[in-house]
Number of protein chains: 2
Amino acid sequence: MMLQAVTEMMEGDGPTARQQDVLDAVLRLLVEEGDRLTMTAVARRASCSKETLYKWFGDRDGLLTATVQWQASKVRVPPVDRNGLDLASLTSSLERFASDWLRVISSDTSIALNRVGVVHAGSEKRDLGAIVLERGRFALGRRLKPVLEAGREAELLEFDDAETAFRTFFGLVARDVQIRLLLGDRLELTEAGIDGDAVRATQQFLALHGAKTGPMAL
Amino acid sequence: MMLQAVTEMMEGDGPTARQQDVLDAVLRLLVEEGDRLTMTAVARRASCSKETLYKWFGDRDGLLTATVQWQASKVRVPPVDRNGLDLASLTSSLERFASDWLRVISSDTSIALNRVGVVHAGSEKRDLGAIVLERGRFALGRRLKPVLEAGREAELLEFDDAETAFRTFFGLVARDVQIRLLLGDRLELTEAGIDGDAVRATQQFLALHGAKTGPMAL
DNA sequence: AAGTCACCGTACCGTACGTTACGGTTCGGC
DNA sequence: GCCGAACCGTAACGTACGGTACGGTGACTT
């Protein structure tokens, strides 16, 4: 019964165009309604039948899981070139990461998705939380660590453990922003504010982990 | 109808002993079951009737709100004495704050309560999220800022804005811990690990905001 | 001893929602 | 032009749960 439905999405190469439309509808509904969206509301918004929803995604959890993965797959990552790394390019890379990250975690979609992940992590179905974590926090770590290590290679950074250094950077960038937004704080982040925070966090990180050779940046 | 019920708890001096027992039961149930606890389960666990629950707390939201406030009221704050502040006492104060905070946010109770706050912040009832935020993040800020300002007064710290300085400290302490725990990551924080993190965060904060007079601490 | 009060346990009600079933429509293949 | 597959819209089913009603019991008052 459900086996067939699950396979329908799991096997092969991602959702079809029509399925993507449905998932985008779920995404919008998730932003508006949070976790209390109903299957009926999804069907209505996506102009599809509930029967189709169940056929494609198995059950409500399957639909949410597919939605989270669909959103995650939309975030494409420009690789960082490790050639010709100097302090200026390292600095701007870090600033770029910081502002990108702030923009992500303060977006409506991210907040809604993280909320869903949190509430599911509280019940038996831990999967959604794990997925959000994997595609969010850990994906960022995997992307940033090579940059940090290239910086160390080029003797621009000093640290023992890339993971620890990354977590410091993460803390300096995110601070209390994510928890405040998740808890419903109206935290208006302007473009200028985000860029300013990115610069500040990067400078602080360099003050802590920048190589002490030559005049310090701060 | 409900007016009477609400007043029963709101007016006057907090929950009675029996009501505290009930709220503690809710707390335990919240840790075990997350937000999907039912009123029936609460009644059974607390050995009281549902009728009594509704009489005392009005409705499900009232019960959860009372629970959050009850837990928050249990956290008592030792005031920090601002006399005879030197670098050593400032450092140990900061380390104390950091380790206390890490212990709080990694406790089962805090995780469960924050989860409830997050899910409620996603629906219309933003109150619970606001309360958690107020009793958590903002309460910490109010407690820590006087310490920071005393440190600046004593020319041990340098910063423009106490709020910004606090948020930096917050980021250095919490890093990715809270979001990982909320999303269900099994993050084992040992006593030694927490204390080590507190020391590291404090040293990093002093490196960023310690007064540059005399040899630097890092 | 009778009355009152607060409370427990449980049965009950209404509804919302996940899930399933079904009739009708479109569309591609023969 | 016909057939079946895929899909839409909607109705129907089952259940879980928030909220209410009610009978029963112990404690306290007079």
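These figures come from a predicted structure and were not determined experimentally. Letters A, B, ... mirror the listed sequences (proteins, then strands); counts begin at 1.
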**Q** To the nearest Å, how far apart are A/R44 CZ and D/dA11 P?
**A**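 So the CZ-P distance, A/R44 to D/dA11, works out to 12 Å.
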**Q** Treat primed atoms plus P, OP1 and OP2 as sugar-phosphate and everything else as base, then score nucleotides 23-28 of chain D 5' to 3': B for base contact with protein heavy atoms under 4.0 Å, S for sugar-phosphate contact only, - for none.
**A** ------
**Q** In this structure, how many angstroms lie between the C1' atom of C/dT19 and the CG atom of A/L37, rounded?
**A**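 That distance rounds to 16 Å.
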**Q** Please give me the minimum heavy-atom distance between B/V132 and B/L113, naming the atom from each residue.
**A**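 Taking every non-hydrogen atom into account, CG2-O, 3.9 Å.
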**Q** Describe, in one word, how the ring planes of A/F159 and A/H209 are oriented to each other, choosing from parallel (under 30°), tilted (30 to 60°) and perpendicular (over 60°).
**A**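 Because their plane-to-plane angle is over 60°, the rings of A/F159 and A/H209 count as perpendicular.
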**Q** Report the distance from atom CZ of B/F57 to atom P of C/dC7, rounded to the nearest whole Å.
**A**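 So the two atoms are 10 Å apart, to the nearest Å.
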**Q** Excluding sequence neighbours, so at least two apart, what forms ring pair (Phe, Tyr, Trp, His ring centres under 6.0 Å) with A/F169?
**A**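 In terms of ring pair (Phe, Tyr, Trp, His ring centres under 6.0 Å), with neighbours along the sequence ignored, A/F169 is linked to A/F205.
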**Q** Could you give the CG-to-P distance, from A/D21 to D/dA6, as a whole number of Å?
**A**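 Result: 19 Å.
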**Q** Taking salt bridge (Lys or Arg N to Asp or Glu O under 4.0 Å) as the test, write out the residues that go with A/R45, two or more places apart.
**A**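 Residues passing salt bridge (Lys or Arg N to Asp or Glu O under 4.0 Å) with A/R45: A/E32.
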**Q** Using a cut-off of 4.0 Å on non-hydrogen atoms, how would the nucleic acid contact of A/L63 be classed: base, sugar-phosphate, or nothing?
**A**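 No contact at all - A/L63 keeps every heavy atom at 4.0 Å or more from the nucleic acid.
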**Q** Can you identify which nucleotide, out of C/dG9, C/dT19, D/dG18, has its nearest atom closest to the A/K50 side chain?
**A**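 So the side chain of A/K50 is nearest to C/dT19.
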**Q** Decide, yes or no, whether a salt bridge links A/R103 with A/D195 under the criterion of side-chain N to carboxylate O below 4.0 Å.
**A**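 Yes, this pair counts.
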**Q** Give the nucleotide from the list D/dC8, D/dT20, C/dG18 with an atom nearest to the side chain of A/R18.
**A**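 Side chain of A/R18 sits closest to D/dC8.
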**Q** Is the phosphate of C/dA6, meaning OP1 or OP2, less than 4.0 Å from a side-chain N or O of B/W56?
**A**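 It does not, given that no N or O in the side chain of B/W56 lies less than 4.0 Å from OP1 or OP2 of C/dA6.
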**Q** Hydrogens and angles aside, do A/D61 and A/T65 bring a side-chain donor and acceptor to less than 3.5 Å of each other?
**A**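 No - no donor-acceptor pair under 3.5 Å links their side chains.
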**Q** Of all the choices, D/dG18, C/dC17, C/dG9, which nucleotide is nearest to the side chain of A/T38 once you look at every atom?
**A**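 Per side-chain heavy atoms of A/T38, the pick is C/dC17.
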**Q** Mapping A/R60 and B/T52 to their closest nucleotides on DNA chain C, which lands nearer the 5' end?
**A**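 The residue whose closest nucleotide sits nearer the 5' end is B/T52.
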**Q** Nearest whole Å is fine: how far is C/dC22 P from A/Y54 OH?
**A**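 Spelled out: OH on A/Y54 to P on C/dC22 is 17 Å.
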**Q** Over how many whole Å does the gap from A/L53 atom CG to D/dT10 atom C1' extend?
**A**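 Taking atom C1' of D/dT10 as the reference, CG of A/L53 is at 14 Å.
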**Q** Please report the distance, rounded to the nearest Å, between NZ in B/K55 and P in D/dC22.
**A**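 For the pair B/K55 NZ and D/dC22 P, the rounded distance is 16 Å.
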**Q** Give a yes or no on whether a salt bridge exists between B/D185 and A/R137, defined as a side-chain N under 4.0 angstrom from a carboxylate O.
**A**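 So B/D185 does not pair with A/R137 through a salt bridge.
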**Q** Could you tell me how far apart B/D35 (CG) and D/dC17 (P) are, to the nearest whole angstrom?
**A**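 Distance, rounded to whole Å: 12 Å.
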